[in-house]
Amino acid sequence: MGSKVIFLLLTGALTAYYIYSPIPDGVEEKWKLMLADSFFRSLSHLADFTELVGLKDYMGVMMFITFAERVPLSTDNNVTVTESVFNGVEVVVYEPHRHSNGELRRAVIYLHGGGWCLGSSRMGPYDLLARRIANELNAVVVSVEYRLAPAHHFPVQFDDVYGAVKHFLKDATLAQYSVDVKRIAVSGDSAGGNLAAALAQQLQQDPEQQVELKAQALLYPALQTLDLNTPSYQQNAHMPILPRTLMVRFWSEYFTTDKSLYEAMMTNSHNSLESSHLLKFVNWSVFLPETYRLRYNYTAPSTGSSDNSKTISAITDPRASPLLVEDAQLKVLPRAYIMTCEYDVLRDDGIMYATRLRRAGVQVTHEHYKGGFHGAMMFTVWPTDFQIGHRMLNNYIGWLDENL
Ligand SMILES: *[C@@H]1O[C@H](CO)[C@@H](O)[C@H](O)[C@H]1NC(C)=O
Ligand SMILES: *[C@@H]1O[C@H](CO)[C@@H](O)[C@H](O)[C@H]1NC(C)=O
Ligand SMILES: *[C@@H]1O[C@H](CO)[C@@H](O)[C@H](O)[C@H]1NC(C)=O
């Protein structure tokens, strides 16, 4: 009897510990988020454990979510779905059936999130998103299955995306899919938003490239790794879905498996003298509105002591941190939609990019969700579907429809 009671008490306490996490009242459907988050945190603890005892690396265990959410690719009444290979990179192509009297169609290149380490075009929410865009916009959607860390580090993820997109943008490929060269957008969420922003910049700099993108839609993107103590990193360090520890882990594993970078990034001491002249591009005391600055005092990240010399060039590379370019490289960019969430470590990356793009003269639609949390737009499938996710998805598709 006694042991049963103790067991019940322990289970109860553990369950309460796992499920209860201090989530601000401003977050919508707070209890549902706590439940969803308790699952993620349990998996993360398990992953820490298996890595510690040498069974399986952390990301290998976290990939469980990616596999669990995988859906078979299937053609439906409205959209034909095919797997293809563009320049050696796997892609999934969604083509709408709608007849359009031989008119050319719009296209959206979509890059999934998952911190460059997780995720897949084939996950239910991404599949649903691509189908909706294809069907509702009568657009071709190309979802790129780029390779992931820790098996592959930067710039493999970016290069995969870039290579696939260059193939898609060739005259012959666009003709094959009946795509209007003047109506192509790039989009992505989180790490995919990072890749999308970097892609838009690099295409502009590429002398071989003639196609101009019409739009870029960045959903709670990661845009810089120099300052991992912006007010949003501080405010939301323990928020569900993407706590600061996990984001820092994603950044460091994007670059290297060497744990010393993770340690340095956790204390925001990973910069070197080489990055000091770039800090002005991520100076949040200049690029954030007062409401977000007020409660925090700006201190620049320390420079000079880091010995991660191998990774320094990656840290300062605009293909990894699109915020690190001059205004001259921003002003030539296509119009932008930037979605940010209040309770997200990446909030300030998105806000700073919106500010910088606007000041450079780019047309920007910045949609901020006051009750939003990181990743919310992908929480649209039962049992983890959130009203805010559906609203975001509708607003995002609406913007694409009007601006592409
Ligand atoms: C096909 O499109 C129509 C009209 O948009 C929609 O009502 C229907 O649900 C779609 N079917 C599928 C399988 O998505
Ligand atoms: C950041 O901006 C403030 C002014 O708001 C300035 O005093 C400071 O030197 C800047 N720091 C960097 C690293 O650009
Ligand atoms: C910011 O600096 C002011 C003046 O030095 C100080 O009173 C305040 O406590 C500081 N705020 C934070 C959040 O550190």
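These numbers come from a predicted model, not from an experiment. Just so you know, ligand 1 is whichever comes first in the structure, and atom 1 is the first atom listed for that ligand.
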- Query: Do any nitrogen or oxygen atoms of Asn77 lie less than 3.5 angstrom from nitrogen or oxygen atoms of ligand 1?
  - Reply: no
- Item | Which of the ligand 2 atoms, numbered from 1, are nearer than 4.0 Å to a heavy atom of Ser285 | 1 (C), 2 (O), 3 (C), 4 (C), 5 (O)
- Task: May I ask you to check whether Phe255 and His153 place their ring centers less than 6.0 Å from one another?
- Result: no
- Task: Starting from atom 2 (O) of ligand 1, find the nearest protein heavy-atom neighbour and note its residue, name and distance.
- Result: Asn78 ND2, 2.4 Å
- Give the numbers and elements of all ligand 1 atoms closer than 4.0 Å to a heavy atom of Asn135. 1 (C), 2 (O), 5 (O)
- Give a yes or no on whether a salt bridge exists between Arg122 and Glu69, defined as a side-chain N under 4.0 angstrom from a carboxylate O. no
- Item | Ion pair Asp327/Lys331, N-O distance below 4.0 Å | no
- Query: Nearest to atom 11 (N) of ligand 3, what protein heavy atom do you find, and at what distance?
  - Reply: Asn297 ND2, 2.9 Å
- Message: I'd like to check atom 14 (O) of ligand 3 in this structure: does the protein have a heavy atom lying under 4.0 Å from it?
- Response: yes
- Task: Take Tyr369 and Asp344, measure what side-chain hydrogen bond (donor to acceptor under 3.5 Å, both in side chains) needs, and give me the verdict at the end.
- Result: CA-CA 10 Å; Tyr369 288 83; Asp344 179 1; over 6 Å; no
- Message: Can you name the atoms of ligand 3, numbered from 1 with element, that are less than 4.0 Å from a heavy atom of Arg295?
- Response: 13 (C)
- Could you tell me the separation between the CZ atom of Phe281 and the CD atom of Gln224, rounded to the nearest 0.5 Å? 12.5 Å
- Item | Matching residue for Tyr254 among Phe154, Phe158, Tyr262 - test: ring pair (Phe, Tyr, Trp, His ring centres under 6.0 Å) | Phe154
- Is Arg105 salt-bridged to Asp180, cutoff N-O under 4.0 Å? no
- Would you mind listing which atoms of ligand 2 come within a distance below 4.0 Å of any non-hydrogen atom of Lys280? 14 (O)
- Proximal atoms of ligand 2 relative to Tyr298 (non-hydrogen, under 4.0 Å): 1 (C), 11 (N), 13 (C)
- Ignoring hydrogens, tell whether any protein atom lies closer than 4.0 Å to atom 9 (O) of ligand 1; use the non-hydrogen atoms only. no
- Task: For ligand 3, find out whether one of its N or O atoms is nearer than 3.5 Å to an N or O atom of Tyr296.
- Result: no
- Message: Quick one about Gln235 and Arg347 (side-chain donor to acceptor, distance below 3.5 Å, no hydrogens or angles considered), yes or no?
- Response: yes
- Message: For Tyr298 and Trp284, I'd like to know if the aromatic rings sit close, meaning centre-to-centre distance below 6.0 Å.
- Response: yes
- Message: What protein heavy atom lies closest to atom 12 (C) of ligand 2? Include the residue and the distance to one decimal.
- Response: Asn283 ND2, 3.2 Å
- Query: Within a distance of under 4.0 Å, is there any protein heavy atom near atom 4 (C) of ligand 3?
  - Reply: no
